[in-house]
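These notes are about the structure you will find just below.
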Amino acid sequence: MGIIEPMNLYHSSVEVIGNTPMVELSRLVRELDIDGRILAKLEYLNPGFSKKDRIGRQMIEDAEAGGLLKPGQTVVELTSGNTGTGLAIVCGVKGYHFVAVMSKGNSTERARMMRALGAEVVLVDQLPGSMPGQVSGGDLELVEKEAQRIVEERGAFRADQFHLKGNFRAHYLHTAPEILSQTDGKLDVFCDFVGSGGSFGGCAAAFKEYNPAIHCYLVEPVGAAVLAGKALTQPNHRIQGGGYSKDDLVFIDRDQVDGYLQVSDEEAMQFARLLAQKEGIFAGFSSGANIAGAVQVLKGQEKGKTTVVLINDSGLKYLSTDLWE
Ligand SMILES: Cc1ncc(COP(=O)(O)O)c(C=O)c1O
């Protein structure tokens with residue numbers, strides 16, 4: 001028998017959230033002939049297979065600490081699936097009933113997984129003309145209305161990821177400090193595809209505090225780059241989890257945005273596939289978008305630099321889509 005390293009015993013899956021590994025994508029960088037480094041933080045290795053487990057934990061623990069969430073109270077949230085999965089895990093472990101309100105446009109794996117974790121899942125029809133797999137800002141408004149109705153009906157606590165500071169704090173207090181520790185503070189660039197803006201906002205704030213010279217790039221879909229001030233021409237893009245065409249994201253401080261990048265559906269898919277083939281990292285559309293953003297800047301203004309991206313969720317969540325054929 002070899003030497004056994006000391007390993008931890010955890011007392012619940014909630015304690016396992018975070019402290020995800022970081023991997024240098026040297027094979028992908030070589031394949032693309034890029035001058036620079038891409039370091040990927042594997043958020044899909046969280047218990048719910050996405051970075052959003054972190055905010056599920058933070059929002060619930062902040063609410064408990066602030067007296068906003070009482071024992072036995074129902075928790076409700078609007079979700080594209082990942083935040084709901086994180087909340088289902090945290091609520092399940094802590095004993096709260098959780099209701100996830102989700103658009104029918106999101107992949108079926110997500111609803112099934114939340115149900116498996118004990119959540120009640122309410123699916124909301126898309127707008128006429130919207131396509132499954134393409135959730136628009138309009139579709140999301142319908143989900144929001146239904147979430148508000150259920151909160152009122154049940155006297156529930158709304159774990160509102162678009163407004164509760166716990167979303168920002170999860171990344172400011174944990175994700176970013178982990179990245180600074182894993183890179184020994186030696187990162188130059190951070191690229192992040194934005195949904196609620198929690199991970200971009202929380203990480204950018206911590207990075208700028210540590211070293212204002214770290215450049216933070218905000219990634220949006222081509223045709224839905226409203227934060228970049230561009231016209232909305234393609235609200236029904238395919239990069240699930242973000243690009244909601246909302247220009248009022250409270251966690252994003254424009255002074256901390258060093259540049260706005262746009263990524264097409266095809267690029268997001270191409271890089272998600274390349275990531276799987278070259279690096280053995282099986283991730284979803286938005287992780288492909290983050291890599292596409294990193295490649296853009298490393299081939300341009302940030303040549304030779306060290307770029308960090310989050311690998312947001314698992315490719316397993318998209319097996320029913322044509323990302324994997
Ligand atoms: C797969 C995926 N990617 C990206 C995002 C965007 O992250 P944030 O809400 O922190 O901007 C989300 C958010 O739900 C997501 O589920």
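Counting starts at 1 for both ligands and their atoms, in listed order.
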No-hydrogen, no-angle side-chain donor-acceptor test under 3.5 Å, [X] and [Y]:
X      : Y      : result
Gln58  : Lys165 : no
Tyr318 : Arg238 : no
Lys52  : Asn46  : no
Glu144 : Gln148 : yes

Show me which atoms of ligand 1 lie under 4.0 Å from any heavy atom of [X].
X      : value
Val194 : 11 (O)
Gly197 : 8 (P), 9 (O), 11 (O)
Ser199 : 10 (O)
Asp313 : 1 (C)

- Message: Against ligand 1, does Lys51 come closer than 4.0 Å with any heavy atom?
- Response: yes
For [atom], closest protein heavy-atom neighbour:
atom                    : result
atom 5 (C) of ligand 1  : Gly241 O, 3.1 Å
atom 2 (C) of ligand 1  : Ser286 OG, 3.4 Å
atom 16 (O) of ligand 1 : Asn82 ND2, 2.8 Å
atom 14 (O) of ligand 1 : Lys52 CE, 3.1 Å

Presence of salt bridge, [Y] and [X], under 4.0 angstrom:
X      : Y      : answer
Arg169 : Asp62  : yes
Arg54  : Glu43  : yes
Glu220 : Lys230 : no
Glu141 : Lys246 : no

- Task: Decide whether an N or O pair under 3.5 Å exists between Phe200 and ligand 1.
- Result: no
- Could you say whether the N/O atoms of Ser196 and ligand 1 ever approach to under 3.5 Å? yes
